[in-house]
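One structure is given below, encoded as structure tokens.
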Amino acid sequence: MSSPVRMLAARTSLVSAATLASRVFGFVRDAATAAILGAGPVADALTAALSLPLLARRLLAEGAFNLAFIPALVRAERGGPRAARRLAGATLIVLAGVLLGLALVAALFMPQLIRVLAPGFLPDGDRATVAILCGRVAVLYLPLAGLAAIYGGVANTAQRVLVAALAPLAANLTVLAVIAVLLARDLVASDVAALAIAAATVAAGFSQWFLMMGAARGCPAAPTLSPGQGGCVEPASLPWRAAFGVLRAASPALLFAGLSQFRIIIAAAFASGSEGAVAALNYAQRLMDLPLGLVGASAGAVLVPLLARHAAGTGDGGPRAAAGALLTALAFALPAAVGLAVLAHPIVVVLFQRGAFDTQDSALTANLLAVLALALPAQGLERILSATAATFGLVRGAERIALGSLGLCVLSAALGGHLVGPVGAAGAVAVSAFASLAVFVVLLARHGALAIDRRMVGAAIGLLASALAMGAVVGIADAHWAGWTGAPAQALRLAALVGLGVGVYGGLGLGFKRWIGRGKR
């Protein structure tokens with residue numbers, strides 16, 4: 001293996017390890033938050049207050065902004081380090097300024113914003129009061145996320161990936177430290193605990209920013225506003241038009257990256273009339289984030305380079321590569337969705353049921369998780385198709401599809417929430433995602449960006465059959481295996497059921513693959 005390949009493999013391994021550690025501590029953070037607040041009115045209030053910071057973290061701190069910023073920075077480097085530094089400085093000022101303005105406006109109009117995000121909260125009730133207070137603190141995270149995104153992009157451009165990848169882990173540890181203090185002082189299910197976690201979110205933003213600045217320190221493109229230093233940006237001569245161009249170029253990536261979070265915000269708004277539903281939806285969505293994130297990462301790391309080479313005329317099979325990526329994503333997303341739906345209750349019990357999070361909270365969260373799991377395959381494939389559309393220059397069409405799907409989500413959540421309650425509002429996520437998926441397939445096939453043949457359709461049917469069979473076996477085993485008491489025993493039982501599912505799905509999948517292979521001959 002050549003030295004550059006070894007270096008790339010080493011860096012990829014480091015980033016993967018840091019990302020996995022961040023995900024693990026993210027689950028620990030969510031479990032600790034559930035233990036302190038449960039899924040009651042205080043948790044509802046905090047979840048509504050954190051809607052914008054969580055969205056900002058999804059869009060900026062997790063790398064979606066870099067899809068536009070890093071290519072622009074690389075192009076600017078052709079004009080020398082000073083040109084790249086000036087672009088980074090201008091983009092930093094513009095992005096942080098826009099986010100600071102949004103944060104100030106949101107803080108000023110937080111009562112009205114909470115009415116939009118959670119119309120089911122009584123205007124003068126405790127949930128609304130706590131949400132307004134926590135929201136005015138938490139929105140300060142927005143400009144910090146922008147600052148971290150710029151310095152992180154500079155560090156990643158210079159291939160300083162490890163420290164930047166550790167920033168989300170540092171943020172999770174910051175929040176966990178505050179939660180540990182709250183537990184030590186027995187501040188459970190209290191307004192003080194909610195306000196402290198909101199403030200910890202802002203502190204986590206500072207920790208991310210400082211780590212990203214450390215990672216970018218010494219990079220030729222790293223901006224600084226300190227006078228007397230050679231790297232100091234000069235506001236009068238900065239390329240403001242190019243900076244605004246970066247923001248515009250990033251908007252499709254930000255829209256696609258935030259689709260799942262936008263849908264949850266919409267569903268939570270129409271479920272907010274039921275106490276505990278907003279928090280339960282948030283906990284359920286957090287369990288969905290891991291498989292969705294893995295599908296998105298595969299699209300960015302494997303599919304996009306293949307499609308980019310095809311679009312540039314240096315590679316073959318772009319449309320078939322997209323179809324193959326869909327099949328690969330299905331092979332992972334289908335069993336994950338079925339498993340989350342069938343084992344929703346034991347998963348929630350093992351991960352969350354402790355402290356203030358009681359059996360009723362577990363039942364509500366499990367029901368919502370089972371419904372959200374239905375949307376997992378569609379949302380996973382949607383990420384593949386949005387990346388394909390962007391690579392083939394179909395950005396405007398993809399944007400219209402995404403915006404249309406959010407409009408459909410609003411209508412479906414309003415109807416479902418009215419008829420069925422929180423479960424109906426959560427079902428709107430699946431309705432919106434599958435409608436978006438269908439239109440995406442038509443758009444890409446019409447423009448020759450996606451090639452699906454009978455063999456792939458047959459393989460997809462086989463994967464679905466294998467996943468459903470796995471779900472049936474695991475569901476029967478779960479129903480006939482009496483629940484064990486005690487956290488260790490419950491965790492062991494869940495691990496055994498998951499192992500059974502993996503074995504059944506793997507065996508059926510392997511047999512189906514061999515059967516397909518014989519059919520080819």
Side-chain angles (χ1 to χ4, degrees), residues 22 24-58 61 103-104 106-108 110-111 113-114 117-118 121 125-145 147-148 167-211 265 268 272 275-276 278-283 285-286 351-358 361 365:
S22 175
V24 170
F25 278 95
F27 278 122
V28 174
R29 179 203 63 213
D30 294 332
T33 302
I36 287 184
L37 300 180
V42 177
D44 276 350
L46 179 64
T47 301
L50 293 180
S51 295
L52 288 182
L54 286 175
L55 182 60
R57 185 177 67 190
R58 176 67 52 83
L104 294 176
L108 181 62
M110 188 57 66
L113 184 58
I114 292 300
L117 294 173
F121 290 7
D126 291 339
R127 289 197 293 175
T129 301
V130 176
I132 292 168
L133 179 61
C134 293
R136 282 175 166 158
V137 173
V139 290
L140 296 176
Y141 174 83
L142 268 62
L144 299 172
L147 293 170
L169 175 60
N172 287 329
L173 291 175
T174 301
V175 177
L176 280 171
V178 173
I179 291 176
V181 173
L182 294 173
L183 286 173
R185 297 189 176 184
D186 198 26
L187 294 172
V188 176
S190 66
D191 298 353
V192 173
L195 183 59
I197 295 175
T201 301
V202 180
F206 276 106
S207 69
Q208 286 181 297
W209 175 27
F210 293 153
L211 262 181
I265 290 174
S272 59
E275 189 173 293
V278 175
L281 265 172
N282 176 63
Y283 296 137
Q285 178 61 28
R286 295 298 296 167
L351 292 179
F352 294 125
Q353 188 171 302
R354 59 185 57 82
F357 198 96
D358 57 24
D361 296 337
T365 304

Name every donor-acceptor pair, under 3.5 Å, that has one atom in a side chain of residues 185-207 and the other anywhere in the protein, sequence neighbours excluded.
unit_1 : atom_1 : unit_2 : atom_2 : d
S190   : OG     : A193   : N      : 3.1
T201   : OG1    : I197   : O      : 3.0
S207   : OG     : A204   : O      : 2.6

Should the ring pair F352 and F357 be called parallel, tilted or perpendicular, given that the plane angle runs from 0 to 90° and is split at 30 and 60?
-> tilted
Across all chains, not counting sequence neighbours, the ring-ring contact (aromatic ring centres under 6.0 Å, His included) partners of F121 are none
Check: D44 side chain, E275 main-chain N or O, donor-acceptor pair, under 3.5 Å = no
Look at the side chain of D361 and the backbone N and O of G38, then say whether any donor-acceptor pair between them is shorter than 3.5 Å.
-> no
Validation row: L351, Y283 side chains within 4.5 angstrom (heavy atoms) | no
Of all residues at least two apart in sequence or in a different chain, which pass the side-chain contact (heavy atoms from CB on, under 4.5 Å) check with [X]?
X    : answer
D126 : none
A32  : L176, I179
A45  : V130, A131

How many angstroms lie between atom CZ of R127 and atom CD1 of I114, to the nearest 0.5 angstrom?
-> 11.5 Å
Give, for atom CG of L281 and atom CD1 of I265, the distance between the pair rounded to the nearest 0.5 Å.
-> 11.5 Å
Taking every heavy atom of V139 against every heavy atom of A106, the minimum-distance pair comes out as CG1-CB, 4.1 Å
Would you list the atom pairs, donor with acceptor, under 3.5 Å between side chains in residues 46-55 and any protein atom, with sequence neighbours excluded?
unit_1 : atom_1 : unit_2 : atom_2 : d
T47    : OG1    : A43    : O      : 2.8
S51    : OG     : T47    : O      : 3.2
S51    : OG     : A48    : O      : 3.1

